[in-house]
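Single-structure report; data block below.
These numbers come from the heavy atoms of this one structure, side chains and all, not from hydrogens, waters or symmetry mates.
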Amino acid sequence: MASIKLHIPPIRSSLVFRPKLMSKLDEGMKAKLTVVSAQAGYGKTTALSGWAKLCSSPVAWVSLDVHDNDWIAFWSYVTASIQARIAGFAPFLRALIEKGPSVSAEPAMSMLLNELAGLDSELSIILDDFQFIELPSIQHSFIYLLEHLPAHIHIYIASRNELPIPTARLRAKGEFHQIKMPDLRFELEEGFVFFRDLTELHLTKEQVTRLCLQTEGWISGLQLAAISLKQSGNIPESIEQFNGHHHHISDYLLEEVFSQLPIQLRDFLLETSILQRLNASICEAVTGCANSQEQLEKIERLNLFIIPLDEQRGWYRYHHLLSDFLQQQLLREKPDKKLQAHIRAAQWLESQGLEQGAVEHFLQGQQYSDAVRLMEKNLIAFMQTKSVVLNRWLSVLPESTFADKPMVEMFYISVLLGVGEWKAAFRKIEQARIRFASLKEQLAEADWKRAMGNIYFFCSIVSYLHKDLKLTSEYLEQMEQYMPEGSFFQTMGRNRYQGYDAFDDHLAFINDLHAASAFLLRWIKAWEHKKQYPFIGFLNVSYSKLLYEWNQLDDASFYANQALGRDDIKPFARIMIQLAVSASQIEQAKGNSERAAELLMQLKSHIDSPDAVLFHLRIEAEQARLALRQGFIQEAQNWLYHCGMLHTDEVSLGRVPEHLIMARVLAACGRPDDALHLLGRLLQLLSAEDRLRDRIKSMILQSLIFEQVGRMDAALAQLEGALRLAEPQGYIRSFIDEGERMAVLLIAYTKTRHAIKNAKEQRLPVVTLEYVRELLLALNAEAGEKQQVKIILTEQEIRVLRLIADGLENKEIAAKLGNASETIKWHIKSIYRKLGVSNRVQALQVARESNIFLP
């Protein structure tokens, strides 16, 4: 049934050929986007399907409806339509689409664009009835697609409404083409052809002219007029009665046409009007008419606004004019019949295994218990790819219909938590806790205990989100009493990509590292003996990260490896990626660069998930961070160009690590302003969400970039802010991982503090110098001993310096290293700044004195 949406609607041989309109549609092949916009009944679908049949290059088609106002459904159909025309197109794209929308540039859009760019011929994508698409997440990703669309790909949209997306930039570049109502209207000559060749009416030239003027070339109005006039006993009088605006004409004519039909056909039309797609079988189920195929063919012969969806005339849809009219009539005349039609449609769809569609019709038919039954039956499958749809269903269901369905209730709570509707989730959890506590005698003991265990698990999540670790532990204790083997929701979706967010990186939520240390160790010890308890992996990685931050590398490594060695965790990609990335960072801190890189490579090859390509994007970001730390700037720069992210993307909590990595790479590639722009927006978000750890990391990075561009006052101010936040919690590695650039900054900060003290300024210190000295000791550099601080250059800067020593000019160095000349200029400025010099001769002299050229 879904594949019918991808067929180009067949065109009748008895249509008026419109070369002028076809030529105007051809002009869309010079643009990225062509919009065909007009009210219902102007022949948008007919024009586009006729043009598609004539087009010499491939045309992908999607017929959209109200159920496609869903991110996954929409992009799945777009991809499938292209795959139906281009063999082997984007075989791995489905996994990215099923992940759902992201708040920044969609990884799915990046892959789709890459695949489109790789096509060796032009391709047109037609999206019919785009007015149904109102979801902001679809619109945002569609805008992103348009902005980066290759020149040989063309998108055509048919819509009743103006597009809810900005087109000014496309228009300014000549990449936007529009076909409006005047272009679609029948001109007088086309009206003559229509009545002369395609109807059995023998109208005078004056009568045709009058009809064309009254309908203003509105194609559906002319078609309705022709049908009505065939049934009229007085054609001149009937023509005189046609007046008013389009909707008045359509109402009048449809009523006239409808009232003249046999009663059996009228009932058939009314009852089947609730269907988005119809064939003889579903029509028979809904109406009870054994001759449904005959009725469909009769409607088509009468030109009653029915559109065949395949060449075999097996599937149809009603024109929106007719469908809207019929549903209004059905509701007005036979409301009970409408409910019954939905119920019968749902039963047929369920019998065909089309259970998502069945749920939709059960809801429309107010058969809520059947809707809940199917939702519960398919809950696990729906949770993977239809969570947005499920949430919509649950939002319209009376709560009483799933009050005794623990799994459905728990899923609803999990969705609310996942989409950030915390207040609603908290309220639901408390309501569920009270309700299920009272159902002890009504549910089977195992079901009741499982429900209570799940509720206490969610209660613990709520407490954790509120940063109340004491209460979190109390709820986990109660969860253990009812469900010692753990909750299904603890591992729900762990092998699917849900975004790299705080529910994976648990430590991102907690500001009190000392309280977190006791909490994590307690529950690791409580659960480590369990053989099938993968949820413990999240605790291990959080504790490992915490110990790493305190520079306890051996202990951090122990807890990361302890979890990596568990067989129950290995199938869960979302846990494994956290553990392996943490282990890699620990190895790099220990000086084991090769092992750090090897762990990431192994992780990439061992991910076994339908969403492997998405997890690879996260791993590649970490590989870029590692490359940068090891001095391989070109590798990091390559990631920047292929990661599918932009520094102007909306920042999100789900992608904080990648935002930070992008800022580092931007700064290293000579784009400090872009890096600071990104970090500024990220800091606003982190401050608003009270994410202390990542605020500290962002401020540290800001201070380094400010120092890089010579804004020393700003650098020291941000450093002081980071130190002030970090000292109470004992942060160490976030500072010392920055190497000797951080040592230089800390020494400068110490001197500034000493200068303030000597000047007897009346200001209490916000950071203790003991803490600064502790960091400097960890960096193997002591405050006040500048000579002891080795001047640190990156490997790339050393390469540039050696080529300067060989006498090469900037352009020659750029060619030698495969960089742009601007990048080399930036490296040279950085070298001068670090060495405290102003020209090449001085730089080489200081380098030799400092033994910088030594390996």
Side-chain angles (χ1 to χ4, degrees), residues 1-5 7 9 63 65-67 227 231 254-375 377-378 393 396 401:
M1 192 171 177
S3 63
I4 299 300
K5 296 166 67 67
H7 282 274
S63 296
D65 58 49
V66 67
H67 300 305
I227 297 169
Q231 301 168 347
L254 278 169
E255 287 181 20
E256 284 290 305
V257 171
F258 185 71
S259 64
Q260 299 300 317
L261 297 175
I263 189 167
Q264 185 182 21
L265 186 56
R266 291 208 305 266
D267 288 344
F268 181 89
L269 284 164
L270 288 172
E271 292 176 42
T272 56
S273 67
I274 57 102
L275 300 171
Q276 295 288 328
R277 303 284 186 274
L278 51 158
N279 67 1
S281 180
I282 194 171
C283 289
E284 184 175 339
V286 169
T287 65
C289 293
N291 63 340
S292 290
Q293 183 63 36
E294 181 183 331
Q295 295 282 49
L296 290 168
E297 291 173 2
K298 184 175 183 180
I299 294 168
E300 187 178 9
R301 286 196 302 274
L302 289 171
N303 289 325
L304 265 180
F305 290 77
I306 190 171
I307 299 170
L309 298 176
D310 58 12
E311 299 290 349
Q312 295 75 34
R313 265 41 178 191
W315 284 93
Y316 298 84
R317 76 167 173 87
Y318 291 133
H319 190 289
H320 299 305
L321 268 179
L322 180 61
S323 179
D324 292 346
F325 169 79
L326 290 173
Q327 289 192 54
Q328 290 172 9
Q329 291 289 110
L330 181 61
L331 185 62
R332 183 163 59 243
E333 296 178 13
K334 302 177 180 181
D336 293 340
K337 280 275 190 181
K338 184 173 184 179
L339 291 176
Q340 192 61 41
H342 277 298
I343 294 167
R344 289 174 176 172
Q347 291 168 342
W348 184 88
L349 289 165
E350 183 180 359
S351 73
Q352 300 298 307
L354 303 170
E355 294 181 330
Q356 181 181 343
V359 172
E360 298 278 4
H361 280 287
F362 275 134
L363 289 172
Q364 291 290 325
Q366 299 178 15
Q367 297 299 297
Y368 301 126
S369 59
D370 284 312
V372 172
R373 172 179 56 79
L374 286 184
M375 288 162 59
K377 174 186 174 184
N378 296 280
W393 290 341
V396 299
T401 59

Non-hydrogen side-chain atoms of [X] and [Y] separated by less than 4.5 Å:
X	Y	result
Arg277	Ile282	no
Gln367	His342	no
Leu363	Trp393	yes
Asn291	Lys298	no
Leu261	Arg266	yes
Tyr316	Glu297	yes
Phe268	Leu296	yes
Gln328	Leu331	no

Between Asp267 and Lys337, is there a side-chain N and carboxylate O pair less than 4.0 Å apart?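 No, Asp267 and Lys337 are not salt-bridged.
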Taking 4.0 angstrom as the limit, do Glu350 and Arg373 come out as a salt bridge?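 Between Arg373 and Glu350 there is a salt bridge, with a charged N closer than 4.0 Å to a carboxylate O.
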Measure the [atom1]-[atom2] distance between [X] and [Y] for me, rounded to the nearest 0.5 Å.
X	Y	atom1	atom2	value
Leu265	Glu294	CG	CD	10.5 Å
Ile274	Lys338	CD1	NZ	9.0 Å
Gln356	Leu374	CD	CG	11.5 Å
Cys289	Gln264	SG	CD	5.0 Å
Gln295	Thr287	CD	OG1	8.0 Å
Ile299	Tyr318	CD1	OH	4.0 Å

Consider only side-chain N and O atoms of Gln364 and Glu360, and report whether a donor and an acceptor are under 3.5 Å apart.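 No donor-acceptor contact under 3.5 Å links the two side chains.
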How far apart are the closest heavy atoms of [X] and [Y], and which atoms are they?
X	Y	answer
Ala341	Val286	CB-CG1, 3.8 Å
Ala346	His361	CB-CB, 3.6 Å
Ser292	Cys283	OG-C, 3.6 Å
Leu275	Ala345	CD2-CB, 3.7 Å
Leu326	Leu269	CD1-O, 3.6 Å

Can a donor-acceptor pair be found, under 3.5 Å and without considering hydrogens, that links the side chain of Gln327 to the backbone of Ser273?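 Checked: pair present.
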